[in-house]
Amino acid sequence: MPESSAGAAVVGRNQADAGASAPDSPVRQPVGLDLARGPGEVPPPAPGDPPALWTVDAARHAATAALAAPTVLDDEERRRAAGFRRDRDRATYVVAHVALRVLLGAQLGLAPHRVTLVREACPLCREAHGRPAVAGGRPHFSLSHSDRLVLLAFAADPVGADAEEVPSARTAAEIAGALHPREAAELGGLPAAERPSACARIWARKEAYLKGIGTGLARDPSLDHLGAAPGPVEVAGWRVVDVAVPPGFAAAVASPSGKPPTGRKGA
């Protein structure tokens, strides 16, 4: 979804009093990461555990990440960072990837710069441009950022996470044309003032799911119905749950439901 500026602050919390909620909770609670202090001990996720979620305020931690980047990021990450035209976008990318390496290193018992990242095969064409992964396969992770909000998810099984800034009314109307027909109808049935927030919620759920299955937006986003109604969504063997983030944003995380897919996707 297109990004625009926002002033919402991402409120960090100590690991001791926040974390992924119980599997049946309708909203997952992330942990705020302080890059200057580090995450402390972070056990790797165990099979069956809900995804472990973290947020980072990119504006707050930009200076810390910039100092770490030359020695923490790999050549490809530094190349991609240099490709951003806007300083703010570059800073957010650097914060997100430094945070990713810090958290993966804590779980793997490695220094952040020693974490090796690879690309899995795309499930659509089998070329090596699919979901990013750790060499060796675990933990699985997913990374998203929108304006200053960075969201990271870690799990023993494939996982997808996405964060979206609430769009303008005009952008929400444009995005509606790319949604599943039922989602477009749901948006159209809401009061005009509620449509941007609902649109962000739908799109965050959609991208989380598409990241989880490994296709990303290479799969037509109009094929799958994620909806905007409250509560977890079950789709084709996956469970998509909203994530608690500051006002002005929507976020979601997707993980395998443990149930075999039934019917066709998007039904």
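From Asp75, atom CG reaches atom CD of Glu77 across 9.5 Å, with rounding to the nearest 0.5 Å. A distance of 5.5 Å separates CD in Gln107 from CZ in Phe154, rounded to the nearest 0.5 Å. Rounding to the nearest 0.5 Å gives a distance of 11.5 Å between CG of Leu179 and CG of Asp224. Here the CZ-CG distance, from Phe249 to Asp147, works out to 5.0 Å after rounding to the nearest 0.5 Å. Here the straight-line distance linking atom NE2 of His180 with atom CG of Asp220 works out to 10.0 Å at 0.5 Å rounding. The structure places CD1 of Ile175 at 12.5 Å from CZ of Arg170, a figure rounded to the nearest 0.5 Å.
Judged purely by atom type and a 3.5 angstrom limit, Arg131 uses its side chain to pair as donor or acceptor with the backbone of Gly212. Under the 3.5 Å distance criterion, the side-chain polar atoms of Ser146 are left unmatched by any main-chain donor or acceptor of Leu149. No donor-acceptor pair under 3.5 Å is formed between the side chain of Ser144 and the backbone N or O of Leu151. For the pair Arg78 (side chain) and Pro70 (backbone), a donor-acceptor distance under 3.5 Å is present. For Arg195 (side chain) and Leu187 (main-chain N/O), a donor-acceptor pair under 3.5 Å exists by modelled atom type. Of the possible polar contacts, none joining the Ser255 side chain to the Val159 backbone as a donor-acceptor pair under 3.5 Å is found. Put simply, the side chain of Arg201 gets close to the backbone of Ala228: a donor and an acceptor are under 3.5 Å apart.
Trp238 and Tyr209 have perpendicular rings, their planes meeting at more than 60° on a 0 to 90° scale where under 30° would count as parallel.
Across Asp57 and Ala59, no two heavy atoms sit closer than the pair OD1-N, 3.1 Å. Taking all atoms of both residues into account, the shortest heavy-atom contact from Asp34 to Arg60 is OD2-NH2, 3.6 Å. Minimum interatomic distance between Phe141 and Leu100 (heavy atoms only, all atoms of both residues): CD1-CD1, 3.6 Å. Minimum heavy-atom separation, Pro47 to Ala156: N-CB, 3.6 Å.
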Requested in this report: Could you check Val95 against Arg148 for side chain to side chain contact (heavy atoms under 4.5 Å, CB included), going step by step and ending with a plain yes or no?
Outcome: CA-CA 9 Å; Val95 169; Arg148 66 187 291 167; over 6 Å; no
Query raised in the report: Stepwise, does the side chain to side chain contact (heavy atoms under 4.5 Å, CB included) test hold for Thr71 with His113?
Result: CA-CA 7 Å; Thr71 55; His113 71 280; 5.8 Å; no
Requested in this report: May I have the step-by-step check of side chain to side chain contact (heavy atoms under 4.5 Å, CB included) for Arg205 and Asp242, ending in yes or no?
Outcome: CA-CA 7 Å; Arg205 292 174 175 183; Asp242 295 332; 2.8 Å; yes
Requested in this report: Run the numbers on Val240 and Glu234 for side chain to side chain contact (heavy atoms under 4.5 Å, CB included), then give the verdict.
Outcome: CA-CA 6 Å; Val240 184; Glu234 299 280 348; over 6 Å; no
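Among pairs with a residue in residues 183-194, those fulfilling salt bridge (charged side-chain N to carboxylate O under 4.0 Å, His left out) read Glu183-Lys206, at least two apart in sequence or across chains.
Take His61 and apply the ring pair (Phe, Tyr, Trp, His ring centres under 6.0 Å) test, not counting sequence neighbours, and it matches no residue.
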